[in-house]
Amino acid sequence: MPKLLSDARIAQYREEGYLAPIRIMDEAAALALRAELETVEARMGGPLRGDLRHKAHLLFPFLADLVRHPALLDAVEDVLGPDLLCWTSNFFIKEAANPAFVSWHQDSTYWGLSAPEVASAWVALTPSTEANGAMAVIPGSHKSDQIAHRDTFDRHNLLTRGQEVAVAVDETKAVPLILKPGEMSLHHVRLVHGSPPNPSQGRRIGFAIRYIPPHIRQLEGEDSATLVRGIDRFRHFAPEPRPETEMAPEMLTLHKQIAERSARILYRGTGVASFNDPQAVRG
Ligand SMILES: O=C(O)CCC(=O)C(=O)O
């Protein structure tokens, strides 16, 4: 018996590799999360940069709650099963009238995970529309195997290496995922997706949370993850604690170690050492 999605929607995810929109909280709750983020940004003197865009759920209790949000996890459970690890999370923030974009890519390319059983929940904290650079997907493309990618290191690309699929994408098939605050999309790790710049006058803020079942392994080194539902019978990933307070010193130290280790996996073979490296695409 599915927890949140209908059988038809689960079948659609399997067939097309994505689902949207899925409402997981009301608009006011999502706008409150946005306000929390923007309070943090105001304190820091600007948008989150470098390491802080990755696994911020290990530093901020409001994001630790979001990766464990019951309705969100119900939807993820419906596609991945009852035991769930949050492997990572990434802020995808496009500032107003800004050239930042995301090239067509498959998430699986550099993640080093043993099988394509990975689902991303992309939670909208602002509207995400064609007018502000919504993510678009190529339905059914998750059924292809891993496609070759080339790294561009384009400075406006929000991906770690500015990677893009090395084959032509039929953009006439692209479907934009239009979301209101408090809605999310789900997408499969092999789905080809990307997004254009945001020419609008407002920010577009998405928080992408990556979930795996615990039998998945990291093939490229040591890795850690957060058990958010069920049981981890495999222990392939070192368990991560939940932050009790914002940016606690011991969590900052741990987060730095984890970010350095993740960067070694994601940037392997490029000479880039960390998400804070001036050569990293994402700053
Ligand atoms: O936020 C975007 O526009 C793209 C997000 C993305 O590539 C992802 O969540 O995997």
Side-chain angles (χ1 to χ4, degrees), residues 13 16-22 24 30 34 37 47-48 53-57 63 66-67 72 75-76 79-80 86-96 98-113 116-139 141-142 146-147 149 151-152 154 156-165 169 171 174-181 183-200 202-212 262 266 275 281-282:
Y13 178 82
E16 300 191 329
Y18 74 99
L19 271 184
I22 303 168
I24 53 156
R34 174 182 178 171
L37 166 68
L48 299 184
R53 289 201 171 195
H54 305 280
K55 285 205 170 189
H57 63 272
L63 297 173
L66 182 54
V67 303
L72 187 160
V76 177
V79 299
L80 286 185
C86 169
W87 175 58
T88 193
S89 65
N90 315 99
F91 267 112
F92 280 93
I93 301 177
K94 289 184 181 163
E95 301 300 338
N98 189 278
F101 72 102
V102 175
S103 47
W104 294 113
H105 70 286
Q106 291 173 307
D107 290 334
S108 50
T109 311
Y110 296 115
W111 285 1
L113 298 174
E117 287 170 65
V118 188
S120 290
W122 194 103
V123 182
L125 301 189
T126 63
S128 187
T129 66
E130 283 182 279
N132 70 4
M135 177 161 75
V137 302
I138 307 293
S141 53
H142 67 301
Q146 179 62 52
I147 301 172
H149 283 56
D151 298 340
T152 69
D154 185 306
H156 295 307
N157 196 322
L158 289 176
L159 299 179
T160 46
R161 299 163 169 237
Q163 65 268 31
E164 61 185 20
V165 290
V169 172
E171 297 192 7
V175 175
L177 306 186
I178 309 304
L179 300 173
K180 299 190 182 81
E183 293 179 336
M184 71 170 193
S185 56
L186 275 182
H187 70 265
H188 186 280
V189 72
R190 283 263 158 81
L191 189 75
V192 174
H193 60 288
S195 64
N198 171 14
S200 80
R203 310 179 86 190
R204 193 223 64 169
I205 304 175
F207 187 61
I209 314 168
R210 326 298 188 169
Y211 294 98
I212 54 176
S262 306
L266 296 178
F275 299 118
V281 173
R282 252 202 299 115

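Counting convention: from 1, in listed order, for ligands and their atoms alike. Here, residue 1 is the first one in the sequence, and each next residue gets the next number.
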Looking only at protein heavy atoms, which one is nearest to atom 3 (O) of ligand 1, and what is the separation?
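Residue, atom and distance for the closest contact: Ser195 OG, 2.5 Å.
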Could you list the atoms of ligand 1 found under 4.0 angstrom from a heavy atom of [X]?
| X | answer |
| --- | --- |
| Asp107 | 10 (O) |
| His105 | 7 (O) |
| His187 | 8 (C), 9 (O), 10 (O) |
| Ala208 | 9 (O) |
| Met135 | 4 (C), 5 (C), 6 (C) |
| Trp122 | 1 (O), 2 (C), 5 (C), 9 (O) |

Hey, would you say the Phe275 and His54 ring centroids sit under 6.0 Å apart?
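Distance test on ring centres: under 6.0 Å, yes.
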Test of ring centre spacing under 6.0 Å for His105 and His193:
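Yes, close enough.
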With a 4.0 Å cut-off on heavy atoms, is Arg210 in contact with ligand 1?
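For ligand 1, residue contact (heavy atoms, under 4.0 Å) with Arg210 is present.
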Examine the side chains of [X] and [Y] and answer whether a donor and an acceptor come within less than 3.5 Å of each other.
| X | Y | result |
| --- | --- | --- |
| Thr109 | Gln163 | no |
| Thr126 | Arg204 | no |
| Asn98 | Arg203 | no |
| Ser195 | Lys94 | yes |

Electrostatic pair Arg210-Asp107, nearest N-O below 4.0 angstrom
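Judged by the 4.0 Å cut-off on N to carboxylate O distance, Arg210 and Asp107 do form a salt bridge.
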Do ligand 1 and Arg204 have nitrogen or oxygen atoms that lie under 3.5 Å from each other?
yes
